[in-house]
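Values reported hereafter were calculated over all heavy atoms of this structure, with side chains retained and with hydrogens, waters and symmetry mates removed. Numbered from 1 within each chain, the chains take letters A, B, ... in sequence-line order.
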Protein chains: 2
Amino acid sequence: MAADLNAQTQRRDAIVRILRQNAVARQAELVTLLHREGHDATQSSVSRDLRELGVVKGGDRYLLPDGEDALTPSHFETVRSFVKGYRAAGPTLTVLRTSVGTAQSVAIALDKAGWPEVIGTIAGDDTIFIATESAKAQRRLHDHLRTHFGR
Amino acid sequence: MAADLNAQTQRRDAIVRILRQNAVARQAELVTLLHREGHDATQSSVSRDLRELGVVKGGDRYLLPDGEDALTPSHFETVRSFVKGYRAAGPTLTVLRTSVGTAQSVAIALDKAGWPEVIGTIAGDDTIFIATESAKAQRRLHDHLRTHFGR
DNA sequence: CGCAAATGTGCATAATTATGCAGAGCGTGT
DNA sequence: ACACGCTCTGCATAATTATGCACATTTGCG
């Protein structure tokens, strides 16, 4: 039995993406779809993930919470190329560097994502400070960043 | 096994009201709450009602669809006293009489209710024409009207 | 680095929800 | 008034989802 934190993060991101594009009626389906893109998961984990993600089941399909809908996959696609890299500055602060003048838009995309581990962000011109509550939260954040912007 | 059409309407209205006020986690609870106010129903019926009403289950409680939230119970309370009565005018038209000058507000409350059997309404000064698709739909409408405004 | 506390998982299974069926109440047309 | 058809129900049960446990890893600390 594995406990790969990163795997969980990626799987949840995948779940959100899948639910955006398909009408999924049951967890078993979701498990199949996840397998198809390389994610290994059981109905148990999916059940827990869905609750954690605040996903709702309406009649015959799972629905993402309202806020999430606002964030189109393309949101990240657009700003992906602006991101130069990121590094931890202590256990609760992460500094992300971007192309000059694009920090604001990247920060906005990050805020819209609504990742729970993020307490707040401040964007300058080419730098974003991302505050997290703990080292653990920071790890989550980095998992997310890695998933969306590459290592 | 009974098939009291009116009972269904009233029960569904009750379900909506209950869900507005309480956080209900399972259908069995809902059955209990319904019993408490005199509605006789089984989990089977409740399951079907919830689907029909478009109710959604989020994590650990049932949630009403967004639109419904707008209509406060008090909405009907306010206009209840304006309604003088109503009669069918043919199988698909219902004429509702109100106090002079209040027809508009009553019609607005009706529209907000979003009852599926209602195709449209027109309000004059003290009269509202309510169009329904069929005799059957008209019966539904009358059930609703009876529930909210009395016989 | 070593140990205790957390976290995440799968498995097996309990808990909950959905549904096929058959019966009952009503409305409709003759 | 009678027959036919439709809708709504409950029951029994299938289908689906949630969760107690035990265990593998990881994280936090001294």
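Connectivity analysis of hydrophobic side chains (ILVMFWY, heavy atoms under 4.5 Å, direct or indirect) links A/Leu93 to A/Val95, A/Phe129.
Atom CG of A/Asp40 is separated from atom P of C/dG10 by 7 Å (rounded to the nearest Å). One interatomic measurement links the two molecules: NE2 of B/His35 to C1' of D/dT9, which rounds to 13 Å at whole-angstrom precision. Atoms CD1 (A/Ile15) and C1' (C/dG8) sit 14 Å apart, rounded to a whole Å. B/Glu117 places its CD atom 15 Å from the C1' atom of D/dT7, with the value rounded to the nearest Å. A/Leu50 places its CG atom 13 Å from the P atom of D/dT19, with the value rounded to the nearest Å. Atom CG of B/Leu34 is separated from atom P of D/dG10 by 11 Å (rounded to the nearest Å). To the nearest angstrom, P of C/dG27 lies 10 Å from CG of B/Asp143. When rounded to the nearest whole Å, the span between CZ of A/Arg140 and C1' of D/dT27 equals 12 Å.
For C/dG8, the OP1/OP2 oxygens have no side-chain nitrogen or oxygen of A/Arg11 closer than 4.0 Å. Proximity of A/Arg48 to the phosphate of C/dG10: no side-chain N or O atom is located under 4.0 Å from OP1 or OP2. In this structure, B/Gln8 reaches the D/dT9 phosphate: one of its side-chain N or O atoms is under 4.0 Å from OP1 or OP2. B/Gln27 has a side-chain polar atom (N or O) that falls below the 4.0 Å cut-off from OP1 or OP2 of C/dA18.
Pairs passing the salt bridge (charged side-chain N to carboxylate O under 4.0 Å, His left out) check and including a residue from residues 80-106 of chain A, sequence neighbours excluded, read A/Glu77-A/Arg80, A/Arg97-A/Asp126. Applying the salt bridge (charged side-chain N to carboxylate O under 4.0 Å, His left out) test to every pair with at least one member in residues 113-122 of chain B, sequence neighbours left out, gives no pairs at all. The ring-ring contact (aromatic ring centres under 6.0 Å, His included) analysis of residues 95-120 of chain A, with sequence neighbours excluded, yields the pairs A/Phe76-A/Trp115, A/Trp115-A/His144, A/Trp115-A/His148.
Between B/Ile128 and B/Thr98 the shortest side-chain heavy-atom distance falls below 4.5 Å.
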Determine, step by step, whether A/Arg140 and A/Asp143 satisfy the salt bridge (charged side-chain N to carboxylate O under 4.0 Å, His left out) criterion, reporting the C-alpha distance in whole Å, the side-chain angles of both residues, the deciding distance to 0.1 Å, and the verdict. CA-CA 5 Å; A/Arg140 299 270 189 180; A/Asp143 287 337; over 6 Å; no
Identify all pairs in which a protein N or O lies below 3.5 Å from an N or O of nucleotides 12-14 of chain D, and state each distance.
from, atom 1, to, atom 2, distance (Å)
D/dA12, N6, B/Ser44, OG, 3.4

Using nucleotides 28-30 of chain D, report all nitrogen or oxygen pairs with the protein that are shorter than 3.5 Å.
from, atom 1, to, atom 2, distance (Å)
D/dG28, OP1, A/Arg139, NH2, 3.2
D/dG28, OP2, A/Arg139, NH2, 3.0

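Remark: A/His39 engages no residue in a ring pair (Phe, Tyr, Trp, His ring centres under 6.0 Å) (not counting sequence neighbours). Looking at residues two or more places apart in sequence or on another chain, you find a side-chain hydrogen bond (donor to acceptor under 3.5 Å, both in side chains) between A/Thr121 and A/Asp111.
B/Ser45 comes within 4.0 angstrom of the backbone, heavy atoms only, and of no base.
For A/Thr42, counting side-chain heavy atoms from C-beta on, the closest listed nucleotide (D/dA18, C/dT7, C/dG10) is C/dG10. Closest to the B/Lys57 side chain, of the nucleotides C/dT17, D/dC8, D/dA18, is C/dT17.
Cluster annotation: A/Leu33 and A/Leu64 are assigned to the same hydrophobic cluster (Ile/Leu/Val/Met/Phe/Trp/Tyr, side-chain heavy-atom contacts under 4.5 Å, transitive).
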Return all side-chain donor-acceptor pairs below 3.5 angstrom for residues 40-48 of chain B, not counting sequence neighbours, or 'none' if the list is empty.
from, atom 1, to, atom 2, distance (Å)
B/Asp40, OD1, B/His35, NE2, 3.4
B/Gln43, NE2, B/Gln27, OE1, 2.9

